[in-house]
Amino acid sequence: MAKKAKRFRIGVEGATTDGRKIDRNWLTQMAANYNPSTYTATINMEHIKGYTADSPFRRYGIVDKLEAEEISEGALAGKMALYATITPTDDLVAMTAKMQKLFTSMEVNPEFADTGEAYLVGLAVTDDPASLGTEILQFSAGASRNPLASRKLSPDNLFSAAEETLLEFEDVADPKPSLFAQLKERFAKKQTSDDARFNDVHEAVGLVAEEHQNLFTKVEAQETVITGFSDQVKTLEEQLTATQDELATMRQELSTQDSRQERRKFATGGNQESKELTNC
């Protein structure tokens, strides 16, 4: 069974690690603009981005979706918050189960690409919120260079103060293997006896029969739908034929009426040479 993370909060408007403020408009922009096909924000450890797959600072998942909502209760009521849905790696699931890396910090690009609006370009997990919060803020105030500058994708990016994160995972059923995959697995094993081989053949026949029955049921259902459409088409054809017959009959009647010889007599008068007055 695979693990899927439930939606959780990754940031709130307010302080960053370098004295700037997370504007609430940035949060709503990130939620509206985020699209993995445009740029996928990956999950890293402590905002350090390693280059090898076996590094402790490898990626630990990807961000799938962002949503912005105003907090309705508690000490942060009225503040805008950003929520994420992620696909975690097994390593991240295992770490959080051991009470490790329970806080998250966003990497925000306030003016992403040519959009001029904010975009989430990374998400870090960390153990110590103070290391990306109060202590770094105090240190940065007297430092000529931000101590986290080397970890940013762009110098103008900023890291949000780490937020306590409730990472909850739920089991997601793995997709059912195909019939071919099931049969291949049956016959890939090296059998030690004729009975074992016979059992595998028997089970394989059963799988084929079951799949055939499922397919037959689906085809039968489609045939029912098609038959229904055929009946409807037949009814419409009959109605069209009847309408055409009615129109033909009406055309015949009208042509008969138009061929009558009776004509209204021409009005008298109006002729210069005639002395007759007009007969109305």
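Note that the numbering runs from 1 along the sequence shown for the chain. These numbers come from the heavy atoms of this one structure, side chains and all, not from hydrogens, waters or symmetry mates.
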Kindly write out the residues that satisfy side-chain hydrogen bond (donor to acceptor under 3.5 Å, both in side chains) with [X], not counting sequence neighbours, or none if the list is empty.
{"X": "Asp54", "answer": "Thr52"}
{"X": "Asn33", "answer": "Glu117"}
{"X": "Thr28", "answer": "none"}

Return yes if a side-chain donor-acceptor contact under 3.5 Å exists between Thr89 and Asp91, otherwise no.
no

Any [X] side-chain heavy atom under 4.5 Å of [Y] side chain:
{"X": "Leu66", "Y": "Ile10", "value": "yes"}
{"X": "Gln232", "Y": "Thr235", "value": "no"}
{"X": "Tyr60", "Y": "Met95", "value": "yes"}
{"X": "Thr115", "Y": "Gln29", "value": "no"}

Rounded to the nearest 0.5 Å, how far apart are [atom1] of [X] and [atom2] of [Y]?
{"X": "Leu247", "Y": "Thr243", "atom1": "CG", "atom2": "OG1", "result": "7.0 Å"}
{"X": "Asp64", "Y": "Thr87", "atom1": "CG", "atom2": "OG1", "result": "3.5 Å"}
{"X": "Ile22", "Y": "Leu27", "atom1": "CD1", "atom2": "CG", "result": "6.5 Å"}
{"X": "Thr126", "Y": "Asn44", "atom1": "OG1", "atom2": "CG", "result": "10.0 Å"}
{"X": "Ile86", "Y": "Phe8", "atom1": "CD1", "atom2": "CZ", "result": "4.0 Å"}
{"X": "Arg59", "Y": "Thr40", "atom1": "CZ", "atom2": "OG1", "result": "12.0 Å"}

Are Tyr39 and Trp26 linked, directly or through other ILVMFWY residues, by side chains that come within less than 4.5 angstrom of each other?
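Linked, Tyr39 and Trp26 end up in one cluster.
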
Are Met99 and Phe103 joined in one hydrophobic group, where the rule is that I, L, V, M, F, W and Y side chains link up if heavy atoms are under 4.5 Å apart?
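Met99 and Phe103: one cluster.
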
Please report the closest heavy-atom contact between [X] and [Y], naming both atoms and the distance.
{"X": "Leu82", "Y": "Met30", "value": "CD2-CE, 3.8 Å"}
{"X": "Ala31", "Y": "Ala68", "value": "CB-N, 3.5 Å"}
{"X": "Glu13", "Y": "Met80", "value": "OE2-N, 2.6 Å"}
{"X": "His47", "Y": "Ser105", "value": "NE2-OG, 2.9 Å"}
{"X": "Leu120", "Y": "Met106", "value": "CD1-CB, 3.7 Å"}

With Glu237 via side-chain contact (heavy atoms from CB on, under 4.5 Å) - residues at least two apart:
Val233

Does anything in residues 68-83 pair up under side-chain hydrogen bond (donor to acceptor under 3.5 Å, both in side chains), and if so which pairs, sequence neighbours excluded?
Arg7-Glu69, Arg24-Glu70

Who passes ring pair (Phe, Tyr, Trp, His ring centres under 6.0 Å) against Tyr34, sequence neighbours left out?
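For Tyr34, the residues satisfying ring pair (Phe, Tyr, Trp, His ring centres under 6.0 Å) (neighbours in sequence not counted) are Tyr119.
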
